[in-house]
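Here is the structure we will look at.
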Amino acid sequence: LPLVFACLLAHTAWDKSPTWDEPGYLGLGPYLIDQGRWDVPGAGSHPPLAYYLQGLPFLRPAYRLDSRYWSDPGGKSEDISFLRSAGIDRGNAILMDSRYDGEILLWLCRMSSLLSAAGLFYCLWRWAGDLHGTTGATIALGMACLSPNLLAHAGLVTTDFTLAATYFCAFYGLRRFLLAPTGRRLLLAGSLGGLTLASKLSALLWAPTAAVLLLWTLLAGPPDVRRCLSCWAGSVSAPRLRPWLGAAVAGAGLLLVALVVLWALHGFRVDPFLTILRSQLWDLSHGHEAYLLGEYSTEGWWYYFLLAFLVKTPVPSLLLGVWGATALISDRTARWDCGLLLISPLLFFTAFTLSEGKDIGLRYLLPVYPFLCTMAGGCLRTAWSATPRWRQRALIGLSAGLLLSTARIHPDHLAYFNEFAGGPDGGHRILVDSNLDWGQDLKGLKEWMDERGIPRVKLSYFGSVDPALYHLDYDWLPSYWL
């Protein structure tokens, strides 16, 4: 199944032109490592983990960055709007450098997502296997590998998929620590928490969510787990206080390790992270142009992400997720794990729903999907028990439906909409931006022109990459960017 994911990803990453955000992120990782300075456009947008991973192809001598791309205009290293800007001109210059093929470089940077995907799939397989057995884990893994949304954003040089992978892995690490709270597992869980904090600022939800899960463990965890947490309480003898104190000490240890990892990934400096935090607050205060159901707003809608989730998630995935969650909730022996799987995505979902600040794409909810997939494996608990055979047929039918949905939309995963929305053709009536057209089909336009012998077009384009990358001749029409 991961091999299927890798093949679909490889084709999608090659077939699609750069989306709006991608040129601004190209090359940032190598620059931050080489220079140790967060003083160029894009450096103030996000923490750097995704930049480092996507910058691995630049280690090849053939792709060494030209220092001219990073010229400092002077006096702007403290300007939040400058550090927050996209660096589009720099990204286009990197892609069109005559020393190499920019399309191959972009493809290699996109394929670095396989590193994050490997960690995600391993943790998902292990967690789902612990809960549902091998067959249930196969269902969960298959749903993740065939998810149009995970495939769409894994194939982009952005931060969203990196966050989705590290966020899930961090909570898997927390679960492993709670099952056997040793010092080694605390270091691993804390390190995974640090990696997710270094992926995107929305990962700041990891710390309060981990605290809630520790509380959940004290209230509803298995007796053995609660008893093991007591070992972190030191010499305190009061039996009722020991689990609570142990959880507090363990939580503090997890947070400390995570902060050290975050500090290390910022070059053992605090000011870059504070700059990124300030830039995000600045960005939120200025609002975002958003579209929903034919309406335009800069303030957003409380129901935006709920609706986006319902129309951009395959119907089989929604049904399997609800089925699996229901089976877990009804199983008293799995109550604690059910809480771990439900609380994390629900808090993440609720935080974005209440914020109403960035209603510009389902991609902000991407970390929810691995939890949904893990829960979906729970449908096996009732499908193959002593119940009517229709449940077995339903499971097979839903699995086949998901496979068919992904196959039909490939390689246009970013534009996926389910049957509730009328499919991709009806999606524009509900959502746009990174939910539908993010500039990813410029390459497809050039192929279409070549097939029909059309030398020149009138182009209105929502994207940031220079059409010259694909030798596309055009007359300008009013566009968001050209």
Side-chain angles (χ1 to χ4, degrees), residues 9 12-13 16-29 31-32 40-55 57 69 81-96 102-103 105-113 116 149-165 199-203 276 279-280 282-284 286-291 308 352 357-367 413-415 431-443 461-467 469 479-482:
L9 174 63
T12 302
K16 297 300 175 183
S17 56
T19 55
W20 174 269
D21 282 8
E22 288 182 273
Y25 295 151
L26 280 174
L28 267 177
Y31 176 83
L32 296 177
V40 293
S45 298
H46 301 287
L49 179 61
Y51 301 156
Y52 295 156
L53 294 175
Q54 293 156 1
Y69 303 153
S81 62
F82 171 75
L83 298 177
R84 180 77 193 169
S85 61
I88 298 300
D89 292 339
R90 179 190 67 224
N92 277 305
I94 292 173
L95 286 171
M96 299 182 67
E103 287 190 73
L105 173 62
L106 176 69
W107 183 80
L108 291 172
C109 292
R110 286 173 163 180
M111 290 301 291
S112 66
S113 292
S116 301
N149 294 298
L150 291 178
L151 278 164
H153 293 283
L156 303 178
V157 182
T158 58
T159 57
D160 302 297
F161 183 77
T162 303
L163 172 63
S199 299
K200 199 167 185 174
L201 271 190
S202 47
I276 293 165
S279 83
Q280 284 287 352
W282 176 87
D283 187 54
L284 287 172
H286 283 70
H288 281 269
E289 297 172 324
Y291 171 91
F352 272 92
K358 279 198 168 182
D359 292 353
I360 55 176
L362 178 71
R363 59 195 175 95
Y364 287 95
L365 283 188
L366 210 63
H413 302 287
L414 194 67
L431 299 163
V432 292
D433 206 282
S434 60
N435 298 297
L436 178 66
D437 175 13
W438 213 14
Q440 72 270 19
D441 274 319
L442 200 63
K443 187 175 182 179
Y461 166 54
F462 180 69
S464 60
V465 75
D466 191 335
L469 178 64
S479 306
Y480 196 84
W481 181 277
L482 267 185

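Just the heavy atoms: all of them, side chains too, but no hydrogens, waters or symmetry mates, feed the values below. For the single chain, residues carry numbers from 1 onward in sequence order.
- Trp20 and Phe462 have parallel rings, their planes meeting at less than 30° on a 0 to 90° scale where 60° marks the start of perpendicular.
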Can you list, pair by pair, the side-chain donor-acceptor contacts under 3.5 Å of residues 151-160, counting residues two or more places apart and other chains?
residue: Asp160; atom: OD1; partner: Lys200; partner atom: NZ; Å: 2.4
residue: Asp160; atom: OD2; partner: Arg363; partner atom: NH1; Å: 3.3

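- Scored by the side chain to side chain contact (heavy atoms under 4.5 Å, CB included) test, Tyr291 finds Val432 as partners (sequence neighbours excluded).
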For this session: Give the C-alpha distance, both sets of side-chain angles, the deciding distance and a yes or no for side chain to side chain contact (heavy atoms under 4.5 Å, CB included) between Ile94 and Leu105.
Result: CA-CA 9 Å; Ile94 292 173; Leu105 173 62; 3.9 Å; yes
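- Distance alone, capped at 3.5 Å, is enough to place a donor-acceptor pair between the Arg90 side chain and the Pro41 backbone.
- Judged by distance alone, the side chain of Ser17 and the main-chain N or O of Gln440 form a donor-acceptor pair under 3.5 Å.
- By the side chain to side chain contact (heavy atoms under 4.5 Å, CB included) test, Ala290 pairs with Trp301, Asp359, sequence neighbours left out.
- Listed by chain and residue number, Glu22 satisfy the salt bridge (Lys or Arg N to Asp or Glu O under 4.0 Å) test with Arg110 (two or more places apart in sequence, or in another chain).
- Under the salt bridge (Lys or Arg N to Asp or Glu O under 4.0 Å) criterion, Asp437 pairs with no residue at all, not counting sequence neighbours.
- Among all heavy-atom pairs drawn from Trp282 and Ser81, the shortest one is CZ2-CB, 3.7 Å.
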For this session: Would you check, one step at a time, whether the test side chain to side chain contact (heavy atoms under 4.5 Å, CB included) holds for Ile276 with Leu201?
Result: CA-CA 8 Å; Ile276 293 165; Leu201 271 190; 3.9 Å; yes
For this session: Could you give me the CA-CA distance, side-chain angles and deciding distance for Leu26 and Cys109, then say whether side chain to side chain contact (heavy atoms under 4.5 Å, CB included) is met?
Result: CA-CA 8 Å; Leu26 280 174; Cys109 292; 4.0 Å; yes
For this session: Apply side chain to side chain contact (heavy atoms under 4.5 Å, CB included) to the pair Phe161 and Ser116, showing each step before the final yes or no.
Result: CA-CA 8 Å; Phe161 183 77; Ser116 301; 3.9 Å; yes
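- Between the side chain of Tyr51 and the backbone N or O of Gly42, at least one donor-acceptor pair lies under 3.5 Å.
- In this structure Thr12 satisfies the side chain to side chain contact (heavy atoms under 4.5 Å, CB included) test together with Lys16, His410, Pro411, His413, sequence neighbours excluded.
- Panel note: side chain Asn92, backbone Ile88; a donor-acceptor pair is recorded below 3.5 Å.
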